[in-house]
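Worksheet: the structure to be examined is printed underneath.
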Amino acid sequence: MINIQLIRNRQNEVRDAMRRRNEDVPLDRIAELDATRRSTIVEADELRARRNAVSREIGRTRERPQELIDEMRQVSARIRELEESIREIEDEVNTLLLGIPNMPLADVPDGADESANIVVRTEGETRKFDFEPLPHWELGERLGIIDFQRGAKMAGSRFFVLKGKGARLQRALIDWMLDTHTREHGYTELYLPNIVTTESATANSNLPKFSDTMYRDDEDDLWLLPTAEMAITNMHRDEILPPESLPLRYVAHTPCFRREKAAAGRDTRGIKRVHQFEKVEMYRFVEPQDSDDALASLLNEAETICARLGIQYRLLQLCTGDLGFQSAKTYDIEMWAPGCDEWLEVSSCSTCTDFQARRAAIRYRPEQGARPRFVHTLNGSGLALPRVIIAILENYQQADGSVVIPDALRQYTGFDVIEC
RNA sequence: GGAGAGAUGGCCGAGCGGACGAAGGCGCCGGUCUCGAAAACCGGUAUGGGCGCAAGUUCAUCGUGGGUUCGAAUCCCACUCUCUCCGCCA
């Protein structure tokens, strides 16, 4: 959530930031409501102060002056009215505020959509083949490790089954990534609820705006995670973290569920865009002055995984128009997939500044006795599984259709090659 | 799913409807004492909103939301969560 004081005091900056994002937001309406809210509060507070004083006085003396009691009855009724209208105003302000995305940081390039994203650099060599490399859906079916038909039979389109060494490869990747982040990068592993409350989803910013992208349980009003981020943000919701407790680093493997309605008809083949996939997610809670460095090192940790797999990847900085709702700055990592002949997004690393912290009321105390401040939150995939599997299959395929397992993974898979 | 108990400040814990957020204890911070430390003693120690340049002032908050009342942590209703026992169960 954006700080309403920015709208109150630096509205032009906000307006400018929203223009860069291509967002049309009702700043005037919010400012107007905010002013009304404040003057109503003044009136209500004055009446309450009077009521408190009179009631105290009535309590002190033993008399029960009827005129005063009658007057206070009126005052209380008026206070109730004012409270009601304050509540209505705050509801509306809140609704509007919840629909405003985060402000992009100054160094985020302007641009209307993904075509304006910037390729920061490309790492590793493009693998050369002396045969025509196959797309993973063909490799997967031939090798008997990906079963699209039966996935669809069970759950409909965009679901799949991994079988045998395919399933094992996925499990190996998850273990290896978690081990790397916990042992080498200082993260604490979490096992999380995969379904969370409306409140949690709102704190992360998935609600109210993106309800149609998620699966939900109507009966209990719960939402399936589209990403572990949605749960982890709530680890410290409504908390004031004591001095010295930051930074906090968490990593978790969870399934991710996405309805992908907006992408209907796109990427229908293979496992690039599916309704359920596994992901290892890194997350940090940091002090505001540390968030830039934290983003850089988060990115570095995600890159480490790519590099050790020996697969060519590139780093993209997202332009303002392509930023996620809660993000102030985002880098994507894409792996090259020679079979389907495209770059695949395997990670997205973002700083959300104090945007989620404000929604979730996550604060920290800089030092003993100091006033609480909002933390900064950052998240990054490390990495998203099915696309890494695609990249491995397509990059490590051989002329005979078999697939070699990257060195880094072999002690986790227990085999060196997947063959027919 | 059934029966019962409970939810108060960082923690423990008290609170006949009127003693400003709330006794007391612990913890924490500052001070006195000491060569230093401990003990002892003294003082301080919530969060958010409004107004104010500020000092400050005012309002709200005792699980959440309503209600009764001049006045509610205290009474009433609903909900949520926790704990205990029973049942079921990976």
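Below, chains carry the letters A, B, ... as their sequence lines are ordered, and counting in each starts from 1.
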Ring of A:Y215, cation from A:R259 - is the NZ or CZ under 6.0 Å from the centre and inside 45° of the axis?
yes
Nearest to the side chain of A:I58, heavy atoms from C-beta on, is which of B:G48, B:G18, B:C29?
B:G18
Determine the contact category for A:P372: base if any of its heavy atoms lies under 4.0 Å from a base atom, sugar-phosphate if only primed atoms, P, OP1 or OP2 are that close, otherwise nothing.
sugar-phosphate
Verify the contact: side-chain N or O of A:R87 to OP1 or OP2 of B:G66, cut-off strictly under 4.0 Å; return yes or no.
yes
Side chain of A:R51, heavy atoms from C-beta onward: which of B:G48, B:C70, B:G49 has the nearest atom to it?
B:C70
By nearest-nucleotide position on RNA chain B, the 5'-leaning member of A:I240 and A:L68 is A:I240
Between A:G401 and A:L143, what is the shortest heavy-atom contact and its length?
O-CD2, 3.4 Å
Is a side-chain donor or acceptor of A:R21 paired with a backbone partner of A:N102 at a separation under 3.5 angstrom?
yes
Could you check whether A:Y187 and A:Y250 have their ring centres less than 6.0 Å apart?
no
When you match A:G59 and A:E46 each to their closest nucleotide on RNA chain B, which lands nearer the 5' end?
A:G59
Which nucleotide in the set B:C70, B:G50, B:U47 lies at the smallest distance from any side-chain heavy atom of A:R38?
B:G50
With hydrogens left out and only the distance checked, is there a donor-acceptor pair under 3.5 Å joining A:N52's side chain and the base of B:G71?
no
Could you work out the separation of B:G27 and B:A38 based on their P atoms and round it to a whole Å?
12 Å
Whenever both distances are under 3.5 Å in a Watson-Crick or G-U wobble pair, mark it; put RNA chain B into dot-bracket that way, with [ ] for crossing pairs and | when the partner is on another strand.
((((((((.[[[..)..(.....]]]((((((.......))))))((((((....)))))).[[[[[..)....]]]]])))))))....
Please give the distance between the C1' atoms of B:C62 and B:G9 as a whole number of Å.
8 Å
Look at all strands and tell whether A:R373 reaches a base, only sugar-phosphate, or nothing, counting heavy atoms closer than 4.0 Å.
nothing
Member of A:M177, A:H181, A:E301 meeting the side-chain contact (heavy atoms from CB on, under 4.5 Å) criterion with A:V251:
A:H181
Counting only heavy atoms from other residues, nucleotides and ligands, does the tally under 6.0 Å from CD of A:Q149 exceed 12?
no
Got a sec: does the CG of A:D24 have more than 12 other heavy atoms crowding it under 6.0 Å?
no
Can you tell which of B:A46, B:G48, B:C70 lies closest to the side chain of A:R73?
B:C70
Please report the distance separating the P of B:C75 from the corresponding atom of B:G18, rounded so that it comes out in whole Å.
11 Å
Send over the distance from A:Q368 CD to B:G27 C1', rounded to a whole Å.
10 Å
Out of B:G49, B:C70, B:U47, which has the shortest distance to the side chain of A:R37?
B:G49
Out of B:C51, B:C70, B:C59, which nucleotide sits closest to the side chain of A:V42?
B:C51
The side chain of A:R48 is closest to which nucleotide in this list: B:U58, B:C70, B:A60?
B:A60
NA contact type, A:D70, heavy-atom cut-off 4.0 Å: base, sugar-phosphate, or nothing?
nothing
What nucleotide, of B:C70, B:U68, B:G50, holds the atom closest to the side chain of A:R80?
B:U68
Presence of A:R50 side-chain N/O under 4.0 Å of B:C70 phosphate oxygens OP1/OP2:
no
Looking only at the side chain of A:S76 (C-beta and beyond, no hydrogens), which of the listed nucleotides B:C28, B:C70, B:G50 gets closest?
B:C70
Step-by-step salt bridge (Lys or Arg N to Asp or Glu O under 4.0 Å) determination, A:R308 to A:E184
CA-CA 13 Å; A:R308 287 186 190 170; A:E184 298 179 34; 2.8 Å; yes
If I pick the P atom on B:G2 and the same atom on B:G63, what distance separates them, to the nearest angstrom?
26 Å
